[in-house]
**Student:** 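Starting off with a structure, shown below.
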Amino acid sequence: MKPEELPPTALPEEPLPEAHHAGLMARFRNYFLTGLIVAGPVAITLYLTWWFVNWVDNLVRPFVPTVYRPETYLPFGLPGSGLIVAVIALTLLGFLTANLIGRTLVDLGERLLGRMPVVRAIYRGLKQVFETLFSGKGSSFRKVGLVEFPSPGMWSIVLISQSPSANVASQLPGQEEHISVFLPCAPNPTTGFFFYVPKSKIIEVDMSTEDAATLIMSAGVVQPGSDQQKRNGALAGMANAARVANSAAGLKPAPAKAKVE
């Protein structure tokens with residue numbers, strides 16, 4: 001048989017470069033996640049800011065006369081005009097309240113609200129909360145601590161508030177001083193538990209409230225820093241030692257040693 005009469009040899013099909021496709025998809029996924037990490041916080045922050053500005057504008061606009069509204073003279077609305085009016089009005093209200101006439105009017109209004117059974121409790125509670133948060137004189141939620149909760153050997157991050165009032169402190173058992181704390185829940189730190197804890201059972205942590213909120217919202221994924229991790233390890237060892245020291249008499253378990261790198 002002549003060579004030209006031989007059947008053509010079938011060449012084997014080359015396999016598709018699966019590794020190349022896998023690497024391409026991995027890079028695409030990494031780029032997408034990187035863009036999401038960069039754009040996500042920015043977009044959410046801008047959205048919340050825009051929502052807050054529009055909410056204040058819609059709240060203040062009915063109280064502003066039509067003559068003084070920017071949209072009366074412009075073909076479009078001016079976002080933030082209501083917010084500016086609210087800031088100026090609140091500042092003016094604070095200036096007037098600092099005077100004798102302003103304090104007299106405020107006292108008169110408080111006495112009027114004090115005669116309303118349901119409104120009185122709501123107003124007094126809200127007033128105390130606002131005075132504590134915005135007066136700058138209170139020490140609430142400026143310190144972070146560890147409390148053994150919800151069971152022995154399990155420690156939770158709490159925000160340390162103030163000492164209880166005299167009537168509450170007199171009803172608490174024991175002679176030891178108590179401190180009120182707030183235990184935020186993950187991933188929503190605005191909800192949680194409020195309770196009184198003996199001062200000796202609270203271990204203060206060298207951490208800001210912002211770092212504590214970030215740690216709680218991320219469920220421990222985002223740590224406040226490598227150095228802080230070492231401090232937390234040492235504090236965990238101290239917490240374990242404190243738990244053993246405060247355990248019931250007769251039960252003397254060996255304290256666990258905290259390994260700090």
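Atoms considered below: every heavy atom in the structure, side chains included; atoms not considered: hydrogens, waters and symmetry mates.
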**Student:** Return the minimal non-hydrogen interatomic distance between Arg69 and Pro62, and the atom names on each side.
**Tutor:** NH2-CA, 3.9 Å

**Student:** Give a yes or no answer on whether the side chain of Tyr73 reaches the backbone of Val67 with a donor-acceptor pair at less than 3.5 Å.
**Tutor:** yes

**Student:** So if you build clusters from Ile, Leu, Val, Met, Phe, Trp, Tyr with side-chain heavy-atom gaps below 4.5 Å, do Trp50 and Leu46 land together?
**Tutor:** no

**Student:** I want to check something: taking the side chain as every heavy atom from C-beta on, are Asp211 and Leu215 in contact at a cut-off of under 4.5 Å?
**Tutor:** no

**Student:** Roughly how far, to the nearest 0.5 Å, is CD1 of Ile160 from NZ of Lys199?
**Tutor:** 9.5 Å

**Student:** Of all the heavy-atom pairs spanning Gly153 and Trp155, show the shortest one and how long it is.
**Tutor:** O-CD1, 3.8 Å

**Student:** From Leu83 CG over to Ile88 CD1, what is the distance, rounded to the nearest 0.5 angstrom?
**Tutor:** 10.0 Å

**Student:** Between Ile216 and Pro184, what is the shortest heavy-atom contact and its length?
**Tutor:** CD1-CG, 3.6 Å

**Student:** Indicate yes or no: at least one non-hydrogen side-chain atom of Val147 is less than 4.5 angstrom from one of Phe195.
**Tutor:** yes

**Student:** Look at the rings of Trp51 and Trp55 and say which category their plane angle falls in: under 30° parallel, 30 to 60° tilted, over 60° perpendicular.
**Tutor:** parallel

**Student:** Is there a continuous path of hydrophobic side-chain contacts, each under 4.5 Å between heavy atoms, that joins Phe194 to Val168?
**Tutor:** yes

**Student:** Between Ile157 and Val205, is any pair of side-chain heavy atoms under 4.5 Å apart?
**Tutor:** no

**Student:** What distance separates Leu113 CG from Ile122 CD1, expressed to the nearest 0.5 Å?
**Tutor:** 10.5 Å

**Student:** Is there a path of hydrophobic side-chain contacts, each under 4.5 Å between heavy atoms of I/L/V/M/F/W/Y residues, joining Val60 to Phe52?
**Tutor:** yes

**Student:** If you take all heavy atoms of Ile179 and Ser161, which pair is closest and at what distance?
**Tutor:** CG2-O, 3.9 Å

**Student:** Would you give the length of the straight line joining atom CD1 of Ile202 to atom CG of Leu146, rounded to the nearest 0.5 angstrom?
**Tutor:** 10.5 Å

**Student:** Linking I/L/V/M/F/W/Y whenever their side-chain heavy atoms sit closer than 4.5 Å, directly or via other members, would Leu59 and Tyr68 fall into one cluster?
**Tutor:** yes

**Student:** Over all heavy atoms of both residues, which pair between Gly192 and Cys185 is shortest? Give the atoms and the distance, please.
**Tutor:** CA-SG, 3.5 Å

**Student:** I'd like to know if the side chain of Asp57 reaches the main chain of Gly82, judged simply by a donor and an acceptor atom lying under 3.5 Å from each other, with no hydrogens or angles considered.
**Tutor:** yes

**Student:** With no hydrogens and no angle check, just 3.5 Å: does a side-chain donor-acceptor pair link Arg27 and Asn30?
**Tutor:** no

**Student:** Could you go through Leu159 and Val144, starting from their C-alpha distance and side-chain angles, then the distance that decides it, and tell me whether this counts as side chain to side chain contact (heavy atoms under 4.5 Å, CB included)?
**Tutor:** CA-CA 5 Å; Leu159 304 180; Val144 181; 4.1 Å; yes

**Student:** Kindly compute the distance separating CG (Leu92) from CZ (Phe95), expressed to the nearest 0.5 Å.
**Tutor:** 8.0 Å

**Student:** Evaluate Phe149 against Val158 for side chain to side chain contact (heavy atoms under 4.5 Å, CB included), listing each step before the verdict.
**Tutor:** CA-CA 10 Å; Phe149 182 87; Val158 295; over 6 Å; no

**Student:** For the atom pair OG1 (Thr66) and CZ (Arg61), what is the distance rounded to the nearest 0.5 Å?
**Tutor:** 11.0 Å

**Student:** Under a 4.5 Å cut-off applied to non-hydrogen side-chain atoms, are Glu148 and Lys201 in contact?
**Tutor:** no

**Student:** Which heavy atom in Ala86 sits nearest to a heavy atom in Val56, and how many Å separate them?
**Tutor:** CB-CG1, 4.1 Å

**Student:** Do Phe193 and Val181 belong together in a cluster built from hydrophobic side chains that touch within less than 4.5 Å?
**Tutor:** yes

